[in-house]
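A quick write-up on the structure given underneath.
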Protein chains: 2
Amino acid sequence: MEILDIADVARRSGIPASTLRFYEELGLIASIGRRGLRRIYAPDVLLQLGLIALGRSAGFSLEEIKGMFGPDGQPALSRAQWQAKAEELDAHIRQLVKLRDVIHHVADCPAPRHLECEQFQQLISAAIASRRQDTGPISVTASSSRAGMRKPRNRSK
Amino acid sequence: MEILDIADVARRSGIPASTLRFYEELGLIASIGRRGLRRIYAPDVLLQLGLIALGRSAGFSLEEIKGMFGPDGQPALSRAQWQAKAEELDAHIRQLVKLRDVIHHVADCPAPRHLECEQFQQLISAAIASRRQDTGPISVTASSSRAGMRKPRNRSK
DNA sequence: GGTTGACCTCAAGTTGACTTGAAGTTGTAG
DNA sequence: CTACAACTTCAAGTCAACTTGAGGTCAACC
């Protein structure tokens, strides 16, 4: 069974060693042991890191990701919670698709002032609207991150 | 012509007044004047704020957004640059769709250890792969944000 | 068996995106 | 005309996600 040291993991994942230690400290990943002082890793960790990067790019915080997968990389949510996450992500994707439409419009529309262009206004309104009713039962774990005209008094802690 | 004070804008956009001042300081938005000391806004600003929220949720930094639209809300990129942005966003969306597939899989797959599930591994590899060749000619403005196994030595500034 | 370069820890620093607080000003309701 | 709630500025604080640095250890090659 192949094992990796921190430099291998860094090289193969593209993530700096300092970040790997940081992630371990947070409990996001774990080394399978030490050789002397030095961490050694199972190749699995590369998959986990991929998952973390993916989650980050979807706007999940490290805390959220930690809640979804334990340091062993095992899913740690109920089926319903996973379904809710998928739903959340879907909503996010729909929003990004709308933004992409806006961008395409901007790239093509010759209007002098976009804010006065009917179509532009409608695209934005639609995009905003799709975010508007996020006062729903979704957001299982109070996903504190992921921007977007959040409600005032967002209270944390 | 309807005008708004900062409290109106805050209420109607859901963005706190402190953030509106902060955005103005950064040059992301502008008030159309003052009544005494107090800022007054054109209703346009609501669209702009929607756009900003949208951009943030797509992972663009405030700096990037500022580069895309001036404080007047006018698009400030060439057609080609807009097209590149759309492309960038599309790639991001494709990645999120892959992540959603992973999540759906996790919600459904009964494997005891997911890291050992063939399909899971493949989904992640695919998702990672789609991000892998981001050493392309895209990323016009060196989009420093938006996570994902970034290359080491990402040097900014 | 000594050197050395890659690892280690732990504390402090940085950046982006805001928020909070203190202290001052003012439009407007009474 | 007076109160005062709502605005203002400006400095400092916070939080997440890392990075950097100082000082120490040690596995592996010569």
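Any value given below was found using the heavy atoms of this structure, including those in side chains, with hydrogens, waters and symmetry copies removed.
For B/His92 (side chain) and A/Ser57 (main-chain N/O), a donor-acceptor pair under 3.5 Å exists by modelled atom type.
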Pairs: protein N or O with nucleotides 2-8 of chain D N or O, under 3.5 Å:
{"from": "D/dA6", "atom 1": "N3", "to": "B/Arg38", "atom 2": "NH2", "distance (Å)": "2.8"}
{"from": "D/dC7", "atom 1": "OP1", "to": "B/Asp5", "atom 2": "OD2", "distance (Å)": "3.4"}
{"from": "D/dT8", "atom 1": "OP1", "to": "B/Arg39", "atom 2": "N", "distance (Å)": "2.7"}
{"from": "D/dT8", "atom 1": "OP1", "to": "B/Arg39", "atom 2": "NH1", "distance (Å)": "3.1"}
{"from": "D/dT8", "atom 1": "OP2", "to": "B/Arg21", "atom 2": "NE", "distance (Å)": "2.9"}
{"from": "D/dT8", "atom 1": "OP2", "to": "B/Arg21", "atom 2": "NH2", "distance (Å)": "3.0"}
{"from": "D/dT8", "atom 1": "O5'", "to": "B/Arg39", "atom 2": "NH1", "distance (Å)": "3.4"}
{"from": "D/dT8", "atom 1": "O3'", "to": "B/Arg34", "atom 2": "NH1", "distance (Å)": "3.3"}

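In terms of phosphate contacts, A/Arg35 brings no side-chain nitrogen or oxygen within less than 4.0 Å of OP1 or OP2 of D/dA27. Contact annotation: B/Thr19 side-chain N/O to C/dT19 OP1/OP2 distance is under 4.0 Å.
Inter-axis angle, ends of the helix from C/dG1-D/dC30 to C/dG30-D/dC1, five pairs per end, rounded to 10 degrees: 0°.
Using a cut-off of 4.0 Å between Lys/Arg side-chain N and Asp/Glu carboxylate O, B/Lys98 and B/Asp101 are scored as not salt-bridged.
B/Glu64 places its CD atom 14 Å from the C1' atom of C/dT15, with the value rounded to the nearest Å. Regarding B/Leu26, its CG atom lies at a distance of 10 Å from the P atom of C/dG16, rounded to whole Å. Taking atom CD1 on A/Ile15 and atom C1' on D/dA17, their separation rounds to 13 Å, with Å as the unit. In this structure, CD of A/Glu25 is placed 13 Å from C1' of C/dA12, rounded to the nearest angstrom. The distance from atom CD of A/Glu24 to atom P of D/dC18 is 16 Å, rounded to the nearest whole Å. Atom CD1 in A/Ile3 sits roughly 13 Å away from atom P in C/dC7 (whole-Å rounding). Between B/Leu20 atom CG and D/dT9 atom C1' there is a gap of 16 Å when expressed in whole angstrom units. Whole-Å rounding puts the B/Glu63 CD to C/dA17 P distance at 8 Å.
Separation of atoms CD1 (B/Ile40) and CZ (B/Arg34) is listed at 10.0 Å; rounding is to 0.5 Å.
Map B/Gly36 and B/Phe22 each onto its nearest nucleotide of DNA chain C; the residue landing nearer the 5' end is B/Phe22.
Checked against D/dA28, D/dC18, C/dC18, the side chain of B/Tyr23 finds its nearest nucleotide in C/dC18. For A/Ser18, taking side-chain heavy atoms from C-beta onward, the closest of the listed nucleotides D/dA17, D/dT20, D/dA28 is D/dT20.
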Check against salt bridge (Lys or Arg N to Asp or Glu O under 4.0 Å), A/Arg12 and A/Glu2:
CA-CA 14 Å; A/Arg12 291 176 55 173; A/Glu2 188 192 5; 3.0 Å; yes
Verdict with reasoning, B/Arg56 to B/Glu64, per salt bridge (Lys or Arg N to Asp or Glu O under 4.0 Å)
CA-CA 10 Å; B/Arg56 292 276 304 115; B/Glu64 276 180 293; over 6 Å; no
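In this structure, B/Ile65 is a member of the same hydrophobic cluster as B/Leu26, with clusters built from ILVMFWY side-chain heavy atoms closer than 4.5 Å.
Between B/Ile52 and B/Ile29, the closest side-chain pair of non-hydrogen atoms falls below 4.5 Å. Counting only heavy atoms from C-beta outward, the side chains of A/Val9 and A/Arg39 never approach each other to under 4.5 Å. A/His105 is listed as a side-chain neighbour of A/Phe120, based on a closest heavy-atom distance under 4.5 Å.
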